[in-house]
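Since the structure comes first, as structure tokens, the remarks are kept for the end.
Quick note on labels: first sequence line is chain A, next is B, and so on, each numbered from 1. Here the structure is a predicted model, which is why all the values come from computation and not from measurement.
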Amino acid sequence: MEHAILLEASKISIGYSHKKESVVVAADVSIALKTGKLIALIGSNGIGKSTLLKTITGIQKPLSGEVLLLQKNISSYNSLALAKNLSIVLTEKLPPSNLTVYELIALGRQPYTNWIGKLSAEDSDKINEAMQLTQISHLADKKHYEISDGQLQKVLIARALAQDTPLIILDEPTTHLDLLHKVALLKLLKKLTHETGKCILFSTHDIDMAIQMSDEMIIMTPGNVVQDEPCNLIKKGSFNTLFKDEHIVFDAEKGKFVIS
Amino acid sequence: MNTHKRNTILFFFFATVLVLLFFMNISFGSISIPFKDVATSLTGGQASKTTWEYIIMNYRLPKAITAILAGMGLSISGLLMQTLFRNPLAGPYVLGLSSGASLGVAFVILGAGILPAFLTPFLLSAYGVVIASTIGSSLVLLAVLFVSQKLRDTMAILIVGLMFGSFTSAIVGVLSYMSTAEQLQKFTFWSMGSLGNLSWTSVFVLAVCVIIGLILSVVSIKPLNALLLGENYARSLGLNYQKSRLIIIVATSVLAGSITAFAGPIAFVGLAVPHLAKLIFQTSNHTILFWSTLIFGGSIMLICDLLSEIPSLNLSLPINAITSIIGAPMVIWLLVRKQKMIG
């Protein structure tokens, strides 16, 4: 399968500009997100994962350089055009409401529906397809607060799928899940990238699992951001630069961290 | 779908109830008029007594229409605010919009002496009062919105609303100190709230304002549904947040402002009716909620107005007293019953 580049950033610097001062969170960041790939974003707390995600989703602008989505600067997209190319799954809790699972997923079709939000036959097809891919069709009529965290995470992914975008970005989707559901979720994401040809980028702290499941990884360390396939990163010893603690060492043979 | 069928039946049922209440509202009042004469007056015929015909056509009919307009408008503005602020306790009265409108009206009625004399005739006309109270309510709403972005805590927003309420009543107090007895009396009557005493011209102006507010609300249905997922998801769905929020704010201010201008501050309807709609239709879909809130709002206000004119007592109670007596316990009951506070 050809892996075309969906989103590309070369040597951008990211951070916040407050009035006239600007705080650089990371400089010289180069990443490329390709179709059909499951890509993990890792890095310790406070390293700037959220800032990077905000920058490549167009919520904030890079301090220098530009983020290209389908060869076009992401800041030149209007909100509707962006919504047709990029969907997100956030960690934040949903506000209280009576939304059913079906209605929640159907909201993913908003960029395509008319002014009042009426669903066409095509919209219904996309919604059903998204529910089948994530295997949650049986939950359709449940209220979204009645289901478990793992199921809700699948529903939110289905919503992003229904939005029918080539790129999906998830912010720490595995955080509130137990081991079983973490594995199931990552397997689902992997299946989705391979079956639908979408590119899925997710940030996570579950490094061991990300090494095993993802096609590529982006590692953020102080002063350096690298992107490569997990096995190459192991060879390069990139994981040892992840934490500034001599007691946490990456065992290249076992492919996981050990505490000495 | 099954729920679809159920909703259709419910809609027809409650719409019929609304129509029945409308005719009941016209038929009953502090003076009893036989149904036959009510019917002939409404259809343009001659009633047995000309006074009856006059009461029906120039008092009860405009009052019933005002009740429907006020009930619908206040309830819809409550619905919009509850979704915009993600707060089930939001409403035009609780968030201080009615107080803001009162302040606007107080400036016009009580402050007439302070303002330039050539403005007085315009300010005291129906339009002047409407504009003043709409400006008052939108200023308060903007202030609440500003605070709500600084404070993510939903309870804090309610407290801020209450503070605006006390602030405006303090200003009204100061203004009333400086005004004449006649002005004060006029303002006091206004502030007790009344659906009657509106001329056909006023009813027409009110209807135009409410229809504008409702059209803006219909346009906001899709953005409101997106906002059910929170601001960030709504933006990711292609929503122009700034623009949609502005439309919602203008709609609520026009609705709450114009209704408060003509009928005085009316408590709790805006807060309670959307909950009733959510409870009965069990949904957050604003396409359904909009229409059901509209029907319930009109019906509840007609009932409150019926209760305010108890035939045997031969007196009219202020509408605000009735809505508070019914509304306040209802809100407490809702909160106790729904611990999760479904928005």
Side-chain angles (χ1 to χ4, degrees), chain A residues 50 53-54 57-60 77-100 102-119 124 140-141 143-146 152 155-156 159-160 162-165 167-171, chain B residues 1-4 79 82-90 152 154 215 217-244 247 274-275 277-292 338-343:
Chain A
S50 302
L53 288 183
K54 277 182 190 161
T57 49
I59 294 171
Q60 69 182 65
Y77 281 78
N78 66 32
S79 48
L80 198 62
L82 192 59
K84 288 180 180 174
N85 285 306
L86 181 93
S87 55
I88 54 173
V89 176
L90 303 165
T91 30
E92 65 181 37
K93 270 189 84 165
L94 294 177
S97 75
N98 264 327
L99 280 178
T100 63
Y102 186 88
E103 286 172 327
L104 204 162
I105 298 168
L107 284 176
R109 296 303 295 169
Q110 276 221 348
Y112 307 93
T113 54
N114 65 2
W115 69 279
I116 199 108
K118 193 169 167 46
L119 298 173
S124 309
D141 292 327
K143 303 280 185 206
H144 79 270
Y145 53 83
E146 291 172 340
L152 183 62
V155 170
L156 290 171
R159 192 208 60 82
Q163 206 174 322
D164 200 18
T165 58
L167 180 60
I168 301 177
I169 293 178
L170 303 95
D171 189 12
Chain B
M1 258 201 301
N2 215 352
T3 47
H4 188 77
L79 177 68
Q82 285 168 12
T83 306
L84 182 65
F85 287 105
R86 286 180 298 272
N87 192 326
L89 289 177
R152 288 279 159 187
T154 48
I215 289 172
S217 311
V218 172
V219 174
S220 302
I221 286 177
K222 187 175 164 182
L224 285 168
N225 279 334
L227 283 171
L228 288 173
L229 297 177
E231 191 186 321
N232 290 332
Y233 274 119
R235 281 175 194 273
S236 85
L237 284 168
L239 178 80
N240 186 337
Y241 183 68
Q242 254 77 23
K243 190 179 125 202
S244 306
I247 295 175
H275 280 289
K278 287 169 192 170
L279 205 67
I280 291 176
F281 283 89
Q282 288 291 324
T283 181
S284 286
N285 184 347
H286 285 78
T287 320
I288 298 168
L289 283 182
F290 177 82
W291 297 108
S292 49
K338 287 224 148 193
Q339 287 273 315
K340 284 188 81 173
M341 298 213 298
I342 301 303

With chain A as the partner, which of B:L227, B:N232, B:V219, B:N285 has the greatest number of non-hydrogen pairs under 4.5 Å?
B:N232

Is A:I169 close to chain B through its backbone or its side chain, or both, or neither, when contacts mean heavy atoms under 4.5 Å?
neither

Below 4.5 Å from any heavy atom of chain B, which atoms of A:Q110 appear? Answer side chain, backbone, both or neither.
both

Sorted by chain and number, sequence neighbours left out, ring-ring contact (aromatic ring centres under 6.0 Å, His included) with A:Y112 holds for none

Largest heavy-atom contact set with chain B, pairs under 4.5 Å, which of A:I59, A:T113, A:L82, A:T57:
A:T113

Could you have a look at A:S87, A:A160, A:G58, A:P111 and say which one has the most heavy-atom pairs with chain B under 4.5 angstrom?
A:P111

Please name all residues satisfying side-chain contact (heavy atoms from CB on, under 4.5 Å) with A:K143, sequence neighbours left out, ordered by chain then number.
A:N98, A:T100, A:Y145, A:E146, B:Q282

Closest heavy-atom pair, A:E103 versus B:T283, reported as atoms and distance to 0.1 Å, is OE2-OG1, 3.5 Å

Measuring heavy-atom distances to chain A, does B:L229 have an atom under 4.5 Å in its side chain, in its backbone, in both, or in neither?
both

Can you find a pair of side-chain heavy atoms, one from A:R159 and one from B:L237, that are under 4.5 Å apart?
yes

Minimum heavy-atom separation for B:G230 and A:P95, please, with both atom names.
N-CG, 3.6 Å

So which residue, A:L80, A:L107, A:L94, ends up with the most heavy-atom pairs under 4.5 Å with chain B?
A:L107

Check: A:S97 main-chain N/O paired with B:K278 side-chain donor or acceptor under 3.5 Å
no

Is A:N78 close to chain B through its backbone or its side chain, or both, or neither, when contacts mean heavy atoms under 4.5 Å?
neither

So which atom in A:L90 and which in B:Y233 form the shortest heavy-atom distance, rounded to 0.1 Å?
N-OH, 2.7 Å

Segment of B:Y241 engaging chain A (4.5 angstrom heavy-atom cut-off):
neither

Here the gap from A:I116 atom CD1 to B:H286 atom NE2, rounded to the nearest 0.5 Å, amounts to 12.0 Å

Rounded to the nearest 0.5 Å, what's the gap from NE2 on A:H144 to CG on B:L228? Could you check?
9.0 Å

Identify the two heavy atoms, one from B:S236 and one from A:Q163, that lie closest to each other, and give their separation to 0.1 Å.
O-NE2, 3.0 Å

